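Let me begin by presenting the structure, written as structure tokens, before commenting on it.
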There are 2 protein chains.
Amino acid sequence: MKTKLDILKQYGLSVTDSRKKILELFLNADGALAHADIEKNAAKNFDRVTVYRTLQTFVEKGIVHQIPTTDNSILYALCKQNCQQGHHHDDHVHFICSNCDKTICLDDVTIPQVKLPINFTKQQAAMVVTGVCEDCK
Amino acid sequence: MKTKLDILKQYGLSVTDSRKKILELFLNADGALAHADIEKNAAKNFDRVTVYRTLQTFVEKGIVHQIPTTDNSILYALCKQNCQQGHHHDDHVHFICSNCDKTICLDDVTIPQVKLPINFTKQQAAMVVTGVCEDCK
DNA sequence: ATAATTATGCAATACTGTTGCAAATAAAGA
DNA sequence: TCTTTATTTGCAACAGTATTGCATAATTAT
């Protein structure tokens, strides 16, 4: 089984307390995390700047990906199965529960293809579904 | 033809300078607008707070809708054909051009249905495609 | 025209995100 | 293991973004 340490090394990152702790938060989270969540939940309080920079690094290395929202925040999520192999795919749908406010990666629901108007070229696609999750049903 | 005045009244809103002006900006825009765009483009400079409150009101009334992004900003867009009838549908795909940074409502591209895992209920769906738009091709 | 309601602008405040730099920590090499 | 080198952290300062309360001003209803 891969440890946090292994994961960080695998991505060519120095192993530091903050990275281990933040990675752990993601591994234990059942949904996506916002910057604020991380700042609150980290037992040892890291500097805000460190959290920003760690998240930025994780995004660049492909350990986590960003999820667009309509409430002026960015959510970050790690995709269990992919991340452990070092290939990052975030072509799945994200689900935001309107009851518990959790954001869940629907890893098995792939974003469908859409036919764009002529002369539009696609690079990336994101899809966010709002509704009620299985726990709140 | 419906005037700005008619539209505001139809949604039960008091007709004020700021609302008329901001609505006009949306009617003339060829894409979505961020709060900052509105603040800059309004000839008569409204207070930031007024712009925030106006946008909030427009969203609540269904005159505009929000578009999720991953850069910590919210985009607001009004959908020409629907808004003039008083029915609001934002079930179309939004396109963000990575070259000119414009956000365009692809009114004719409907968000495809996705099959959610069992026990998930869908209320809304949003889809954002990034790429190169027709003007930048 | 007047009263009641609603919206605006200002001030104050809080939250969010970024940059430069010195100190601390981790990695690499002897 | 110790030393050197490279990287990361935390602090301070700053800029941008968003919210709230309240008095004033404008709009709507009577």
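Residue numbering restarts at 1 for every chain, and letters A, B, ... go by the order of the sequence lines. What you see is a predicted model, and the numbers here were worked out from it, not measured in a lab.
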Item to check | DNA chain C: 5'-most and 3'-most nucleotides touching chain B, 4.0 angstrom heavy-atom criterion | outcome: C:dT6 to C:dG17
Checklist entry - Between B:V15 and B:I74, who's closer to the 5' end of DNA chain D by nearest nucleotide? => result B:I74
Checklist entry - Going by the ring pair (Phe, Tyr, Trp, His ring centres under 6.0 Å) test, which pairs reach into residues 104-137 of chain A, not counting sequence neighbours? => result A:F120-B:F95
Polar atoms only, N or O, under 3.5 Å: list the protein pairs with nucleotides 15-17 of chain D and their distances.
none

Next on the checklist: For B:H35 together with B:Y52, are the ring centres under 6.0 Å from each other?
Outcome noted: yes
Determine whether [X] and [Y] make a side-chain contact, defined as any pair of heavy atoms from C-beta on separated by less than 4.5 Å.
{"X": "A:V128", "Y": "A:T69", "value": "no"}
{"X": "A:L23", "Y": "A:F58", "value": "yes"}
{"X": "B:Q124", "Y": "B:H65", "value": "no"}
{"X": "B:L116", "Y": "A:V129", "value": "yes"}

Item to check | Partner residues of A:K102 under the salt bridge (charged side-chain N to carboxylate O under 4.0 Å, His left out) criterion, sequence neighbours left out | outcome: A:D30
Next on the checklist: Using the salt bridge (charged side-chain N to carboxylate O under 4.0 Å, His left out) criterion, which residues pair with A:R48? Sequence neighbours excluded.
Outcome noted: A:E39
Sort me out a list of protein N/O and nucleotides 8-12 of chain D N/O pairs below 3.5 Å, or just none if empty.
unit_1: D:dT8; atom_1: OP1; unit_2: A:R19; atom_2: NH1; d: 2.9
unit_1: D:dT8; atom_1: OP1; unit_2: A:R19; atom_2: NH2; d: 2.9
unit_1: D:dT9; atom_1: OP1; unit_2: A:T16; atom_2: OG1; d: 2.9
unit_1: D:dT9; atom_1: OP1; unit_2: A:S18; atom_2: OG; d: 2.3
unit_1: D:dG10; atom_1: OP2; unit_2: A:T50; atom_2: OG1; d: 2.6
unit_1: D:dG10; atom_1: N7; unit_2: A:R53; atom_2: NH2; d: 3.1
unit_1: D:dG10; atom_1: O6; unit_2: A:R53; atom_2: NH2; d: 2.6

Checklist entry - When clusters are formed by joining ILVMFWY residues with side-chain heavy atoms under 4.5 Å apart, either directly or through shared neighbours, do A:I67 and A:I74 land in the same one? => result no
Next on the checklist: Between the side chains of A:K21 and A:E24, is the shortest nitrogen-to-carboxylate-oxygen separation below 4.0 Å, so that they form an ion pair?
Outcome noted: yes
